[in-house]
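Sequence lines set the chain letters: A, B, ... in the order given, protein chains first and strands last, and positions in each chain run from 1.
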Number of protein chains: 2
Amino acid sequence: MNAESTARHRARRGEGERLRGEILAAAQALLIETADTSAVSIRAIADRVGVTPPSIYRHFADKDALMMAVCSQVFAQLDEAMEKAAAGAEDPFDELCRKGHAYVAFGMAHPEHYRLVFMIKHTLTKPRTLDPSELPGTEAFQHLQDTVRRAFDVRTPGVEVPDEFATTCALWTALHGITSARISLPDFPWPPLDDQLALFVAPWRGLLEPHPVATSKPHGKSAKSKR
Amino acid sequence: MNAESTARHRARRGEGERLRGEILAAAQALLIETADTSAVSIRAIADRVGVTPPSIYRHFADKDALMMAVCSQVFAQLDEAMEKAAAGAEDPFDELCRKGHAYVAFGMAHPEHYRLVFMIKHTLTKPRTLDPSELPGTEAFQHLQDTVRRAFDVRTPGVEVPDEFATTCALWTALHGITSARISLPDFPWPPLDDQLALFVAPWRGLLEPHPVATSKPHGKSAKSKR
DNA sequence: TGTACATCAGTGAACGCGCGTTCACTGATGTAC
DNA sequence: TGTACATCAGTGAACGCGCGTTCACTGATGTAC
């Protein structure tokens, strides 16, 4: 009778996947609109799709599986955003800066998704999470590590290089700190985001390029450190 | 009849505060034992104390107020731990290192308390949190900023100093990143904590002491950077 | 010293709520003959 | 082309649960006379 009933058509035989997609989309929308993980219940999602709660179980084993699927979907977008941001980079260091910025921006644009993946305890003792590498966001981490490797590669040869993985962890942890702090305490009088990012990222240039060799574009302020 | 009934005595006229203390202690214990915020319900706390749920409302307006009190109590301990760790410091930079270490150690020792205060959204639109400075952990932050100020004070005079508050934020954010990441993803193959802390804190010495003036104790590795 | 009374810490029972999940089912869609 | 049947996407009703919170109360403790 109403718009709802005309909008929803029962899926054809082979089209079982259609509802699956609609469920994921509805969960995403609710997560964004309510900005409250606890508001995204099986019932609320079903309501949004225009379907009854049990029909969700035809497409997802349980709520955890659904939420995992939601996260995977969003973190594919994170990886995409970071790769896109890195596309026009001049050098690996610039790439790190751009990726860092994209990371924080993404987290702040999807705070509840971010919370779901990185701010809630994930333990391997839960049988659900079989493989730590199956955690959403793994591609993005891998690609970040690739950039770190590339940054190491352009360094002056012969100079000792810190552990690649540990460096990526440190970098990621810094980005995570900025992102999660702002998500949790949005009313704290944070300094401007760009300033804070700069404070974190600047030392990395020093770490990666101790000898000012490939620095093609001094960004104005570098003169100061020369006295 | 049982140990419970002999342990609990009804408070005397003026001793209403006694149950209040027991409730807080029980909440703390539950938070630590279960490591699960959602397991700490009014009912569970009452059970633990050996009292019925309604009697909690004689001492706390509602659950939020109770949890806030729990956090305040623990974060007084955080401040204490950081101040204690800083006590034997040689110089302000050493003090920053020690406080940083104490901060992360505290967070990892009280993951659920940490989550409650720093990993859950606190918005001022909630009438509950009237004043951001009333958020637990404020003293610790203030004291950290004091140390930053002291560190700035011992710098070579005449050298431009970054904003004190912004610097404290950056430092705190780094510590928060390390702490919250390890709490949320305990099974991730993190590099050793000390290595990661060193990676973060080292650049700050450079920031704070660009001229190697007061560096009394080169820690062996400094020779490397001199070639 | 003894009794009537006020205080108030803690109780017992119940409220309404929303949750995840289950079960047997319905009925439109597609297929075989 | 027409009919009987199998499939399976989605339904309706209900389950048991634990939650925060309320209400009128009980009965030990202390006080006034």
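- The OH atom of B/Tyr57 sits 15 Å away from the P atom of C/dT11 (whole-angstrom rounding).
- The distance from atom CZ of B/Arg43 to atom P of C/dT11 is 14 Å, rounded to the nearest whole Å.
- Considering only side-chain N and O atoms, A/Ser55 lies nowhere under 4.0 angstrom from the phosphate OP1 or OP2 of D/dG10.
- For B/Arg58 against C/dG10, a side-chain-to-base donor-acceptor contact under 3.5 Å is present.
- Between B/Phe188 and A/Phe118, the ring centre distance reaches or exceeds 6.0 Å.
- The pairing partner recorded for D/dG27 is C/dC8, the criterion being a Watson-Crick or G-U wobble arrangement whose two distances lie under 3.5 angstrom.
- Between B/Leu19 atom CG and D/dT29 atom P there is a gap of 16 Å when expressed in whole angstrom units.
- The interatomic distance linking A/Asp47 (CG) with C/dG18 (P) rounds to 12 Å, in whole Å.
- Residue whose closest nucleotide on DNA chain D sits further toward the 5' end, between B/Pro53 and A/Pro53: A/Pro53.
- Here the shortest heavy-atom pairing between A/Ala170 and B/Leu199 reads CB-CD1, 3.7 Å.
- Taking atom CD1 of residue B/Ile42 and atom P of nucleotide D/dT21, one finds them 6 Å apart after rounding to whole Å.
- Set against D/dT11, C/dG12, D/dT21, the side chain of B/Asp62 has D/dT21 as its closest nucleotide.
- Using a 4.0 Å heavy-atom criterion, one finds that B/Ser41 contacts the sugar-phosphate atoms exclusively.
- At whole-Å resolution of the value, CE in A/Met67 and P in C/dC19 are 12 Å apart.
- Put simply, CG on A/Leu66 is 15 Å from C1' on C/dC19, counting in whole angstrom units.
- In this structure, C/dC33 and D/dG2 make a Watson-Crick or G-U wobble pair, each of the two defining distances being under 3.5 angstrom.
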| task | Could you check B/Leu78 against B/Met82 for side chain to side chain contact (heavy atoms under 4.5 Å, CB included), going step by step and ending with a plain yes or no? | result | CA-CA 6 Å; B/Leu78 166 62; B/Met82 287 175 76; 3.7 Å; yes
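- In this structure, B/Tyr114 and B/His176 have parallel ring planes: the angle between them is below the 30° cut-off, well short of the 60° mark.
- At C/dG10, one or more side-chain N or O atoms of B/His59 fall inside 4.0 Å of OP1 or OP2 (strictly under the cut-off).
- Panel note: side chain B/His110, backbone B/Phe106; a donor-acceptor pair is recorded below 3.5 Å.
- As rounded to whole Å, 9 Å separates atom P of D/dG20 from atom CD1 of B/Ile56.
- In this structure, D/dA13 forms a base pair with C/dT22, meeting either the Watson-Crick or the G-U wobble geometry with both donor-acceptor distances under 3.5 Å.
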